[in-house]
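Below is one structure, written out as C-alpha cells, with a few remarks after it.
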Amino acid sequence: MTDASSNTIIRVALDVPLDRTFDYAAPGPLAIGSRVSVGFGPRQMVGIVLGHATHSEFDLKPARPIEDRLPPLPDDWLALVRFAADYYACAPGPALFTALPPALRAPRPFIPARDPQYRLTPAGRDWQPPRRAARQCELHAALAASPLARSSARAIAADAGRRLDDWLAAGWIEEIDDQPAALTLGPLPALTVAQQQALDQLPRDGFSPTLLFGITGSGKTEIYLRRIAETLAAGRQALVLVPEINLTPQLESRFRARFPNTVIACLNSSQPERARSEAWVAAWQGRARLVIGTRLGVFAPLPELGLIVVDEEHDASFKQQDGLRYSARDLAIWRAHRAGVPILLGSATPSLESWRHADAGRYGRVELAERATGAALPAIHLIDIRRLPLDDGLSVPAIEALARCRDKGEVSLVYLNRRGYSPALSCTDCGWIAGCPSCSAKLVLHLRERQLRCHHCGHHQPVPHACPDCGNPDLKPLGQGTQRVEAALTRVLPGARIRRIDRDTVSHRDAWAEVYQAIHDGEVDVLVGTQMLAKGHDFPTLSLVVALNTDGGLYSADFRASETLFSQLMQVAGRAGRAERPGTVLVQTQLPEHPLYQALCRHDYPGFAATLLDERKQTDMPPYCHQFVVRADSEKLADARAFLGALVAALPAIDGVCVYDPITASMVRLEGRERAQVLVQSAQRGPLRRMLAELTAQAPVLAKPYGRHLRWSVDVDPLEL
DNA sequence: AGCACGCCGACT
DNA sequence: GTCGGCGTGCTC
C-alpha cells in the first residue's frame with residue numbers, strides 16, 4: 001500500500017503483452033505521455049506515463065524520468081495509439097511500443113542529431129566544384145537554388161556530411177538559423193486538362209476523404225505533389241503513405257526534386273533504426289514538413305498536420321499481419337477525421353471498401369480517366385490455352401509476340417507470380433510430392449540454388465536424387481516458376497537478353513538500382529518477374545506484357561482473390577506502352593469468357609467492382625459485413641480447436657452477430673504449429689464490437705488450461721481468412 | 001514477453 | 001553428486 005504524500009503515483013504502460021498499466025512512484029509531477037525508466041522485475045524498461053493515481057495497492061518502485069530534451073508524447077498521438085489498441089484488440093503497452101521508433105523504446109535518452117540548414121556564401125557562389133565531381137556539382141547546384149538541410153543533402157550524396165563540413169571550413173557555405181526558408185518548388189510539369197480538373201475538384205479543408213480513381217499512368221502522383229505543395233505553402237505538414245514495395249529511391253527523389261528545400265522524413269521498416277528514429281523525431285518537432293512512409297509512417301507525430309495521402313490505397317501491405325494488426329489506411333482516415341484535414345486515397349483499382357464508401361457518398365470520388373502522357377491504353381488480349389500446347393507454360397502466340405517485340409528492339413515483360421523453378425517436385429512412379437516438414441505446403445524447387453525451399457518458413461534442403469518413398473530416381477518438376485520461364489525463354493528466344501526480377505534476384509535496394517539502370521540503358525530484352533515488377537516502376541521502352549498462370553486467382557478459397565487478381569493484372573498491364581507506341585498485354589487463360597478477364601479487356605474497373613459488390617451483397621461478405629477472426633495455434637490441432645470450441649460456447653448470443661464454428665486453417669501446419677480459427681461477423685459494427693469485448697475478456701481465462709503451448713490472437717478487419 | 005524459481009534425467 | 005531441461009508464475 002502506497003499513498004501519495006510527497007511522491008506522485010503514475011500509471012505506466014510497458015512493453016509487455018498484458019492488458020494493464022503498472023503503478024510507480026514518481027519523484028514529482030510527470031506529464032501524461034512522458035517516458036520514464038522503471039525497474040520491472042529484474043530488468044530496466046521504458047514506461048509511458050498514461051495516468052496518475054492517489055493511492056496504489058502495490059509496493060511501488062521508483063520511476064526516473066528519461067533525461068532527454070524531448071517533450072511528452074502529444075495527446076493526439078496518444079489518442080491515435082489508444083484508438084488503434086482498442087480497435088485492433090491489442091494491449092496498450094505493445095501498441096504504444098509498435099508506434100514508437102526503436103530509439104525511444106530503450107530506457108536511454110535519445111538526443112536527435114542537429115539538422116542545420118546551409119546556404120552558399122558570396123564566395124561559395126563564385127566557386128565551382130571540379131566539373132568531373134558530379135555529386136559535388138549537384139550538391140552545389142542545390143545550395144545555389146535554396147538553403148538546404150543537412151539531412152536533405154545526405155539524400156543527394158551519401159558522403160554529403162563530410163563535404164558540407166569541408167565547404168563550411170573553406171567558407172563556401174554558412175549555417176543559417178532554424179527559421180525554415182520559404183518553400184521552393186522544383187520544375188513543374190504542365191498539367192493535362194484532366195489533371196487540372198481533378199485538382200480543382202479536390203476539397204481543400206476539413207475532414208474530406210476523397211478517392212482519387214486514376215488509371216495507371218494517369219499522373220496521380222503529380223496531383224499529390226500539387227496538393228502537398230499547397231499544404232506546405234500554408235505552413236502545414238503533409239503525410240504520404242505508400243505500399244511497402246513502392247518506397248523506392250526513385251519515388252523519394254521525385255519528391256525531393258519537387259521540394260528541394262523542404263525537410264523530408266522517410267519512414268520504413270528496412271531503413272537503419274537510427275535514421276528511422278531521427279526522421280520520426282524530426283516530424284514530431286515539426287522540422288520535417290513532409291513525411292513519406294510505409295504503413296508504420298501512420299504513427300509519425302505531426303503537430304501541424306494539414307494533409308494525408310494514401311497512395312495505392314487498396315494495397316494489402318497497409319495491413320500489419322502480426323502484433324498490433326492495424327490497417328494504416330484505416331488509421332489514416334481516423335487520423336484525418338480527428339485532425340479535421342483532407343485525406344486523399346489514390347488507386348487505379350480501389351479496394352471494394354473504399355469504392356463502396358464513394359458510391360454511398362461518404363467519400364468524394366475524383367476520376368483521372370486518361371493517361372497523362374496521352375498514350376492510348378494498352379490493348380489487352382486473351383490467349384485461350386485450352387487447345388494450345390504449352391512449352392514450359394508458354395503458348396506459341398505468346399512466344400511469337402515476344403520474338404516480334406525483341407526484333408523491333410522493344411522490351412517485353414513476362415509476369416508470373418511464382419518464384420523458383422517449379423512449385424512442386426513429384427515422383428513419376430508413386431506420386432510422392434516434396435513437402436515441408438514444418439508446414440502443410442509443397443516445397444518449391446529452386447534449380448539455380450539446387451534446393452527445395454519452403455516459401456512459408458525458412459526450411460530448405462538439397463534436391464533429393466531419388467524418391468524417398470519408392471527409390472525412383474525420376475523426379476519431375478510440376479508447374480512453372482520464374483526460373484523455369486527464364487530458362488524456357490533463353491531456349492525459345494536465342495540471343496535475347498533475359499533478366500529475372502524476383503525476391504531471389506533482387507534482394508535489396510542496391511540490386512534493384514542496378515537492374516533499373518540496366519533496363520534504362522537498353523541492356524535487357526525480356527524481363528521475367530513477379531509482382532515486384534508490377535508496382536510503380538516506369539520502363540520507357542516496354543511495349544509488351546505477357547501474364548502467365550493467373551487463373552488460380554479465379555478459384556481460390558479466398559473470397560478476395562479475384563479482387564486482388566484484377567488489381568495486379570491492371571497494374572502490370574499499366575507497364576506497357578507509351579505515347580508513341582501503344583502497348584499490348586497478353587493474358588494466357590483457360591477461362592477467357594470469365595467476367596474478370598472480360599472486364600479487364602475493357603479496362604472496366606467500375607463495371608467489375610459493381611459485379612463484385614453485387615456478389616458480396618448477395619453473400620453477406622465485406623464490405624457488406626464487418627468481421628474479425630480469432631486464430632489459435634498449438635503443437636496439436638486438437639488443442640487449438642478445443643480452445644476455440646470452448647470460446648465459441650462461452651460467448652453470449654448477441655443480436656445480429658454471427659459466430660461461426662471453429663474451422664481448421666487453410667494451411668493447417670505453419671512453422672511446426674497447427675492452426676484453427678473462428679470467424680465472427682455482423683452487418684453492424686456496434687454489436688460486433690461488443691462481441692469482441694466479450695471475447696477478449698473470456699479468451700485469457702479459457703486459454704489457461706492449455707498452458708503456454710496454445711497461442712491465440714484476434715485479427716480485426718482481416719484481409720485473409 | 002522475459003526472467004526467476006523449481007523439480008527430474010544424463011554427465012564430469 | 002550437479003548441469004540443465006522446460007513447466008509455472010510474476011512483474012507495480
Side-chain angles (χ1 to χ4, degrees), chain A residues 1-66 72-73 78 81-82 84-86 88-108 269 273 296 320-326 438 630-636 638-640 642-643 671-674 696 699-715:
Chain A
M1 255 316 230
T2 309
D3 280 299
S5 41
S6 63
N7 280 1
T8 318
I9 298 174
I10 51 175
R11 295 218 197 279
V12 164
L14 298 170
D15 194 9
V16 287
L18 299 169
D19 203 1
R20 67 192 125 114
T21 55
F22 294 83
D23 297 347
Y24 284 88
L30 268 174
I32 287 177
S34 306
R35 286 160 65 239
V36 289
S37 174
V38 296
F40 186 66
R43 59 217 156 114
Q44 201 66 20
M45 299 181 83
V46 187
I48 309 288
V49 179
L50 288 187
H52 301 103
T54 47
H55 67 93
S56 177
E57 53 178 308
F58 300 99
D59 195 10
L60 299 186
K61 288 185 178 179
R64 329 176 106 270
I66 292 177
L73 293 157
L78 288 168
V81 181
R82 210 174 304 122
D86 180 54
Y88 294 105
C90 176
L96 280 164
F97 284 83
T98 28
L100 280 176
L104 299 187
R105 293 177 200 162
R108 286 188 295 277
S269 54
E273 290 189 352
L296 57 83
Q320 170 112 50
Q321 293 295 6
D322 53 66
L324 176 64
R325 294 168 166 268
Y326 64 98
S438 3
V630 192
R631 295 184 234 269
D633 62 86
S634 188
E635 266 124 63
K636 275 302 300 148
D639 277 3
F643 160 69
E671 293 183 81
R673 303 180 60 81
E674 302 193 321
T696 47
V701 188
L702 292 166
K704 264 230 169 86
Y706 300 93
R708 282 271 213 272
H709 294 292
L710 180 100
R711 295 191 309 215
W712 64 275
S713 65
V714 181
D715 190 354

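Lettering of chains follows the sequences in order, A, B, ..., and the numbering in each one begins at 1.
The separation between A:L50 atom CG and C:dC12 atom P is 17 Å, rounded to whole Å. Spacing between atom CZ of A:F40 and atom P of C:dG9 amounts to 17 Å, rounded to whole angstrom units. For the pair A:D59 CG and C:dC10 P, the computed distance is 17 Å after rounding to whole Å. As a whole-Å value, the separation of A:R105 CZ from B:dA1 P is 16 Å. Note: NE2 (A:H709) to C1' (C:dG5) measures 12 Å, nearest angstrom. Remark: P of C:dC12 and CZ of A:F22 are 8 Å apart, rounded to the nearest angstrom. Following rounding to the nearest Å, A:R20 (CZ) and B:dA1 (P) show an atom-to-atom distance of 14 Å. What separates CZ of A:F97 from P of B:dG2 is a distance of 12 Å, to the nearest Å.
Using a 4.0 Å heavy-atom distance criterion, A:G707 is classed as making no nucleic acid contact. At the heavy-atom level, A:L18 lies under 4.0 Å from base atoms of the strands shown. Nucleic acid contact class of A:Y24 (heavy atoms, under 4.0 Å, all strands): sugar-phosphate only. Across all strands, A:R11 comes closer than 4.0 Å to no nucleic acid atom at all (heavy-atom distances).
The number of heavy atoms from other shown groups lying within 6.0 Å of CZ (A:R105) is above 12.
Of all heavy-atom pairs between A:L60 and A:D23, the closest is CD2-O, 3.3 Å. For the residue pair A:A640 and A:A632, the shortest heavy atom distance occurs at CB-O, 3.7 Å.
Side chain to side chain, A:E674 and A:S634 fail the donor-acceptor criterion of an N or O pair below 3.5 Å.
Of the candidate nucleotides B:dA1, C:dC12, B:dA4, B:dA4 has the atom nearest to the side chain of A:P42.
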